[in-house]
Each structure stands twice: as C-alpha cells, then as structure tokens.
Enquirer: 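The structure under discussion is supplied below as structure tokens; questions concerning it will follow.
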Protein chains: 2
Amino acid sequence: MTSMTLADVAAHAGVSTATVSMVLRNRGRISTATRQRVLAAIDTLGYVYNQTAANLRNRRSNQIGLLLHDITNPFYAEMTAGLSQEMERHDLMLFLANSEESVPRQQKFVESLLQHSAGGMVLCAARQTPPLFFEVLKRRNIPAIMVVRPVNDACFDFVGTDNFLGTQLATRHLIAMGHRHIAFIGGAAASATRAQRLGGYTSTLLENGLAIHPDWIVCCDAGQGAGREAAAQLFRAHPAITAALCYQDVVALGVMQALRALNLHVGRDVALIGFDDIIEASLVEPGLTTVSVAAREIGRTAGGLLFSRMQGNDEPPKRIILPPTLVIRGSCGFSG
Amino acid sequence: MTSMTLADVAAHAGVSTATVSMVLRNRGRISTATRQRVLAAIDTLGYVYNQTAANLRNRRSNQIGLLLHDITNPFYAEMTAGLSQEMERHDLMLFLANSEESVPRQQKFVESLLQHSAGGMVLCAARQTPPLFFEVLKRRNIPAIMVVRPVNDACFDFVGTDNFLGTQLATRHLIAMGHRHIAFIGGAAASATRAQRLGGYTSTLLENGLAIHPDWIVCCDAGQGAGREAAAQLFRAHPAITAALCYQDVVALGVMQALRALNLHVGRDVALIGFDDIIEASLVEPGLTTVSVAAREIGRTAGGLLFSRMQGNDEPPKRIILPPTLVIRGSCGFSG
DNA sequence: TTGTAAGCGTTATCAG
DNA sequence: CTGATAACGCTTACAA
C-alpha cells in the first residue's frame, strides 16, 4: 500500500488537486456532483490526508503541548483528562511532556514545540524556571497558557484556583468544628502557591483570635511518604495539635497513615483537611474532607482559552481563577 | 521576528543549504571551520529548525502516540510517566489521547496519528474495539505496541504483566495461610485479562487439591460500590468462604466495606487480596495485601521496544511479560 | 568537502 | 465552480 496523495485522488476523480483540497476542508463552493466523485475516489483509493504537508504549507500546526511536572499526581492527571477532552473537540493533537521539575527537560520540550510549529501550549512550569525562559517564550509570541502555578509576569494567561480562599474555607471549617490547635503540613518552602495557601490559613487564624505557631507549620515533599514522616514528627513533638490542614491530598493521605500508627483516630481524635480533591480522597476511610479545585475544569478552561487565542483572540491576558469549594467528608468528624 | 530558514542560515554563513542541513544533523563530513561558521550563523539569526518540513521530506515523523482509556487511573498515569521518559531519551514527541473506552475516539486518534505520519504508537485499546480496527492497523504497517490489555492477534508486540502468575502467587499465599475456601471477586465476564487471573486462581486451587466452586466466582464492575454489593451477596450466601481474591484493588476496597458491615474482621475472620497495588491499598486498615505490577516499567519497556521497531527491528512480534510481585500487608493476617 | 536542484504533499492565488 | 501552479522549508542524490 504505497501511500496515496491528493494528486492521486484528483486524477482518479478527474479533477484538480485544488478541488480535492477544497472538498477535504469544506472550503469554497464545490458542486455536489464533484464532491461526490472526490469522496468516492478518496474512499476507493484509501487515501490518507497528510497533515504534515498541510502544516508545512500553513506554517502552523494543529498540535499543542502540555507541560507538567508530574503526571503521576492525580490532580494533574485529572487536569490532563480535561484538557485532552477539550483539545479533541477542536481536532487538536496534544503533546505531553513530564518535566519532573527539570528545567532542561522543560526547555527542550518547548523548543521541540517551536520546531513543530505548535499552535500553542499549556504550561505548569518547573519550580526553578528562570525568568529568561518566559522572556524568550513571550518573544516567540505563540499562545501559552499557564496553569496552576502562577508566573510573575502579567503577559501570560493563567488558569488556576484561589489558593487563599481555599485554605480560608478549610480553616474556618476547622474552627467552626471547635478546633483551636491547627497545624499546616506540606508544600515546598519556595512555592508561591504554598505562600497563598499558608496566607489563607494564617489570616483566618488571626481573624479568629488564634495564635500562629511557627512550629506547627512544616514543609514536605508532595508525596505520601513525605507526609507520613512530617506528621509523625509533628504530632509526637506537639501533642496539643487537634487538627491539620494539608497542602495537598497526597500529603494528607500520608498524614493519615502516621496518625494511625500513633493510634490516633482521624475524624475523632484529629481532624484533617486536604487540598485538591483527588479521587483517593473519597476512597479512604474515613473520607478526606478537602478543598476541591476542579482539576478537570482547569484543564478544560485552559484548553478553551488556548483555542480562542489560537483563533486570534487578542484581548489582554486573563487570569481565570476558579473558585474552590470545601468537600466535607468524614475526616473532620461530623458536627451535631 | 519573521522566521528564519535553512536558506537564510546558509546565506549568512556563505555556504549551501545542504551544508547547513548536514551540520544540523551531524551527517556527512563537514570541516570544523565551516561547522563553526554555520553554528555561529544559526546563533546570531536565532534560527529555529522546522521539524515539520523535515518530517514531510522524510515521509515520517518523530512523533508517537499513546492511547489510554483512562489517564486518571494511577496505574496508567504511572505508565505514562515511564513512557514519556523513554520517549524523551530518543527525542520523540509523545501524543496523548484518552479514549475513555470510546471506540470512535480511539479510531479518530489513530487516524490522526496516521495523518501525522507518526513513527509508531503504544495502545491500550478500548474494551469494545472491533477486530477490524486491528486488521486495518496491521495493514498500515506502522509500529504499534499493545500494553496491559492483550489483543487476540499475535501480530502485535505486547507489554504487560503476568496476570496468571499474579493470581497464582496470591492464591498460593492464601493456601499457605491455611485457607481452603477461597472466592474470586470482580472483573468483567468478557475480559481476557480476567480470564488469565481467573486461570491462575483455579489452577492453583486444583494443584493443591482444592475444589472449584463456580458459585464462589463472581463478576463485578471496577468500582468500590460494585465490589461491596458483590461481596455482600456472596458472603451472605456462602458463609463457608474464609478468603477472597479480588480482581482489582478497588473491588477489594469495596469488599472490605461489605465485610465490615457483616461484622467480619478482615485479616482475622476473612483474608483478602487485591490486584494492582494502588495507593489506597497501603492506606486502608488493615493494609491490603495485593499483587503489584510495575506500571512505570511497563511504560519504559514499551517505549524501548517501540523505538527499536522504529529503527527497523523486524524480529517477530514479542510478548514481554513483566513479573508481578505479591505485596504482603495485614489483610490476610500474619503467619506465625 | 561542499554546491545544485529536484522533490515531499498540501494550500492559496489567480485565471478561466 | 474549477484548474494550473507557485510556494512552504528541508533532505538527498548527484555533481563539482
């Protein structure tokens, strides 16, 4: 099966390549008669459209890139599903790269996207990304949407959630449940997102006349194991703590393990709230109360925005902040 | 910044386009002097290689596709990370699609891959995929590796785990713990994977002189709720059962709930084993003993094999089966 | 070692 | 409504 070209189809149908191209793309006026002939020819020849040639000719491709740092994190997996769905609606192909926080890998991926004349990209940039990266990207003026992790550069569109409000909601809930000794576990010290979440927590404590104990605020990596370690230390050192707000659900899951090992019953002895609302949050026993950021929705929204940019939407850069909601399950106990 | 071409670089460096192309690809003999000049020109002009043009000319692209049915499933996310890593090592771009078990979506993705002259693909096909799909794929002779879900067609490479061995290990463990009344819960009746897992279970029973009770073998959907329902019925109808092997961890989690409702203590009154080793398996109380498959490794292996096929490796189709291991936690109690 | 030039398969412009 | 034809930017014989 030596591959057929537009010219072969044209010959077979007795028309020109221009006509075939127009039929394929529903452009221009083509009589129903010739359209039928062309379609028939395509069918009998088993013709496969060559998107590469079209992309070359158009100087732009129908490919977009998604850069993540950890596809293994359920939150990002969920977001990816949302984006993928949206991309498919628009007949766009999705390139995926997993930087694992490596700046060179990220750099290389973006360069590849440029080499492929990608129509745009959705980025959740690695933490150590140098400002120059964004400068260069800007100059290329290819649509780029930042997600989840905001960038100190108002030139880029951003889709994310309101971290501050999220932890405010969570902290208020814990206080309403009667807790006065609330810890904050997780996140990387240098993370801007963490700063916001921490802000929602501390400000709510202060608003309610509660003291802030720096010792009750600990960082840890985004993993179950890290959460477990951190919590084990924390709760041993500070038995007064009766509730914890976790930077992420995965951390909260680790904290649950640690508490169990300490013979503390989550939902009765200690209240726990996570952030992200990953699937696992509803599966564990007791269910994890958590701040839901609609990961899938972030993906869909970013996809929609990117598509509109690719269509030429040149409104000023937007920051779309999806409101978080508190999903209440059993991990904080139940109020009367 | 109107984009530069190879010709621009050539002009700037005072050489021909052929020379520039060779420098770019490290082909042919180029004197160090001209190579320097070319590289300098590339640098000063800010030239970006046009991979699309190259792909058109080569009639083949450096793009490969990954089709999954659910990227949201931690198992597949992990596998994706492994594949992505491997692809990057070989400078291949990864297209991702999430079929969500939709045959049309899957079909469309594969067609897109063909239109993009993809170099190959890794597929975990939707469950309802018609045989014709594979027939057509075969005729295109583009390298395609099947993962996780085997296909009734020896023409394709396959990378997956040894389901049979997995349940053998699990069943042996239960027998070694003294169980003689072992049920099998979960999976879809038509699933080939289930057939294999069931085979490991039944053959091990027979090997050990134990009878097979068809009534103790039940299907259910891949969800906690389904597992709970199935188990509730099963254990009420057959109180003699002292152990259950579950098709998946998620099912096992549901079974745990059902047992709890029946006031049966997992790990003491009833032993339970799952399959997959998802995160939750380590979180529940007691921890779920389960068969673990190295998801990331499956991704890496599939990537390596695909790459070798793209390089022209034309050995007969392979079936690479990665061995599962039994992860022992508390759900079967502890021996001596 | 390097240059010339003919494609790769599509799209768009301009005639007819 | 349809046809002829020149790009798009790179690769690769074949020449020099």
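Just so we're on the same page: letters track the sequence lines, and every chain starts at 1. Keep in mind that this is a model prediction, so the values were computed, not measured. Side chains are part of it too, since the values below use all heavy atoms of this structure and drop only hydrogens, waters and symmetry mates.
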Enquirer: Strictly distance-based, threshold 3.5 Å: is any side-chain N or O of A/Asp8 a donor or acceptor partner for the main-chain N or O of A/Met4?
Expert: no
Enquirer: Ignoring hydrogens and geometry, is there a side-chain-to-backbone donor-acceptor pair from B/Asn73 to B/Phe75 under 3.5 Å?
Expert: yes
Enquirer: Contact class for A/Asn58 vs. all strands (heavy atom < 4.0 Å): base, sugar-phosphate, or nothing?
Expert: sugar-phosphate
Enquirer: Rounding to an integer number of Å, can you tell me how far A/Arg27 CZ sits from C/dT10 C1'?
Expert: 13 Å
Enquirer: Stepwise, does the side-chain hydrogen bond (donor to acceptor under 3.5 Å, both in side chains) test hold for A/Ser99 with A/Ser102?
Expert: CA-CA 5 Å; A/Ser99 73; A/Ser102 150; over 6 Å; no
Enquirer: Within residues 108-121 of chain B, which residues have any heavy atom lying less than 4.0 Å from an atom of DNA chain D?
Expert: none
Enquirer: Give the rounded distance in Å between these two atoms: CG of B/Asp8 and P of D/dC8.
Expert: 11 Å
Enquirer: Examine D/dA7: is either OP1 or OP2 under 4.0 Å from a nitrogen or oxygen in the side chain of A/Arg59? Give yes or no.
Expert: no
Enquirer: Looking at A/Pro316, is its backbone amide N or carbonyl O close enough to the side chain of A/Asp314 to form a donor-acceptor pair, meaning the two atoms are under 3.5 Å apart?
Expert: no
Enquirer: Please report the distance, rounded to the nearest Å, between CG in B/Asn55 and C1' in D/dT11.
Expert: 12 Å
Enquirer: Taking ring-ring contact (aromatic ring centres under 6.0 Å, His included) as the cut-off, I'd like each qualifying pair that reaches into residues 24-73 of chain A, sequence neighbours left out, listed once.
Expert: A/His69-A/Tyr76
Enquirer: Which comes earlier along DNA chain C counting from the 5' end, the contact point of A/Val48 or that of B/Ile30, where each point is its nearest nucleotide?
Expert: B/Ile30
Enquirer: Do other residues, nucleotides or ligands put more than 12 heavy atoms under 6.0 Å from B/Gln128 CD?
Expert: no
Enquirer: Between B/Asn50 and A/Arg35, who's closer to the 5' end of DNA chain D by nearest nucleotide?
Expert: A/Arg35
Enquirer: Listed by chain and number, what are the salt bridge (charged side-chain N to carboxylate O under 4.0 Å, His left out) partners of B/Glu297, not counting sequence neighbours?
Expert: B/Arg300
Enquirer: Between A/Ser16 and A/Thr19, does any side-chain donor sit less than 3.5 Å from a side-chain acceptor?
Expert: yes
Enquirer: Side chain of A/Arg57, base of C/dA12: donor and acceptor closer than 3.5 Å?
Expert: no
Enquirer: Please check: side-chain N/O of B/Arg149 versus main-chain N/O of B/Ala125, any donor-acceptor pairing under 3.5 Å?
Expert: yes
Enquirer: Could you give the CG-to-P distance, from B/Leu6 to C/dG7, as a whole number of Å?
Expert: 20 Å
Enquirer: With each end axis built from five pairs of C1' atoms, what bend angle do you get for the helix from C/dT1-D/dA16 to C/dG16-D/dC1? Round to 10°.
Expert: 30°
Enquirer: Using side chain to side chain donor-acceptor pair (under 3.5 Å) as the criterion, list what pairs up with B/Thr129, not counting sequence neighbours.
Expert: B/Gln106
Enquirer: Could you state the atom-to-atom distance from OH of A/Tyr47 to C1' of C/dG9 in whole Å?
Expert: 7 Å
Enquirer: Starting from P on D/dT12, measure out to CG on B/Asn26 and report it in whole angstrom.
Expert: 14 Å
Enquirer: Do the side chains of B/Asp157 and B/Arg319 get close enough for a salt bridge, i.e. N-O under 4.0 angstrom?
Expert: no
Enquirer: Which of the following nucleotides, C/dG9, D/dT2, D/dT11, is nearest to the side chain of A/Ser31?
Expert: D/dT2
Enquirer: Rounding to a whole Å, what distance do you find between A/Met4:CE and C/dT10:P?
Expert: 12 Å
Enquirer: Once you round it to whole Å, what is the distance between P of C/dC8 and CG of A/Leu56?
Expert: 14 Å
Enquirer: Between B/Thr34 and A/Ala7, which has a closest nucleotide on DNA chain C that is more 5'?
Expert: B/Thr34
Enquirer: Is a donor from one side chain sitting under 3.5 angstrom from an acceptor on the other, for B/Gln107 and B/Glu111?
Expert: yes
Enquirer: For DNA chain D, find the residues of residues 14-24 of chain B with a heavy-atom distance under 4.0 Å and give them by number; none if there aren't any.
Expert: B/Ala18, B/Ser21
